[in-house]
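Everything on this sheet refers to the single structure shown next.
Note: hydrogens, waters and symmetry copies are ignored here, and every other heavy atom, side chains too, is used.
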Amino acid sequence: DIEPGNLAGLNFIGTDGGAIRCLWLSYFKGSELLRNHPEELNGKKLRITYKKIVCYIPRAEGYQLINQITGLALVQ
């Protein structure tokens, strides 16, 4: 699921069933999978990597720890 707006928010479901939300802030390996036809990835198994960064969030009027996606691959 890609959230529209100035920055892309990505929502994934982890192996434990929990939600994982990442921001797409820069190029990462595998991003072409999302740029071309992201809807084709629905229901597929993916391997995602991300790093935690501190980011200023204006709506929250402060800094928050967020997940920045750093890699994406289709699991065969």
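C55 and I66 get closest at one heavy-atom pair: CB-CD1, 3.7 Å. The two residues K45 and L74 make their nearest non-hydrogen contact at O-CD1, 3.6 Å. Here the shortest heavy-atom pairing between V75 and L46 reads CG2-C, 3.8 Å.
Among residues two or more places apart in sequence or in another chain, the side-chain contact (heavy atoms from CB on, under 4.5 Å) test is passed with T49 by T70.
Taken to the nearest 0.5 Å, the NZ atom of K52 stands 12.0 Å off from the CD atom of Q64. L25 contributes atom CG, which lies 5.0 Å from atom CD1 of I53 (distance to the nearest 0.5 angstrom). For the atom pair E40 CD and L34 CG, the distance stands at 11.5 Å (nearest 0.5 Å).
When side chains are defined from C-beta on, W24 does not count as touching L72, because their heavy atoms never get closer than 4.5 Å. Counting heavy atoms from C-beta on, the side chains of F28 and I48 never come closer than 4.5 Å. A 4.5 Å side-chain heavy-atom check between L10 and R21 finds every atom pair outside the cut-off. I13 is not listed as a side-chain neighbour of I20, based on a closest heavy-atom distance of 4.5 Å or more.
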Next on the checklist: Evaluate F12 against L41 for side-chain contact (heavy atoms from CB on, under 4.5 Å), listing each step before the verdict.
Outcome noted: CA-CA 11 Å; F12 302 96; L41 297 176; over 6 Å; no
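Within the structure, the side chain to side chain donor-acceptor pair (under 3.5 Å) test picks out the following pairs touching residues 25-38 (sequence neighbours left out): S26-Q68. Sorted by first and then second residue, the ring-ring contact (aromatic ring centres under 6.0 Å, His included) pairs involving residues 38-59 (not counting sequence neighbours) are Y56-Y63.
No side-chain donor from either of N67 and K51 sits under 3.5 Å from a side-chain acceptor of the other.
Open room surrounds CD on E61; 12 or fewer heavy atoms of other groups in view lie less than 6.0 Å from it.
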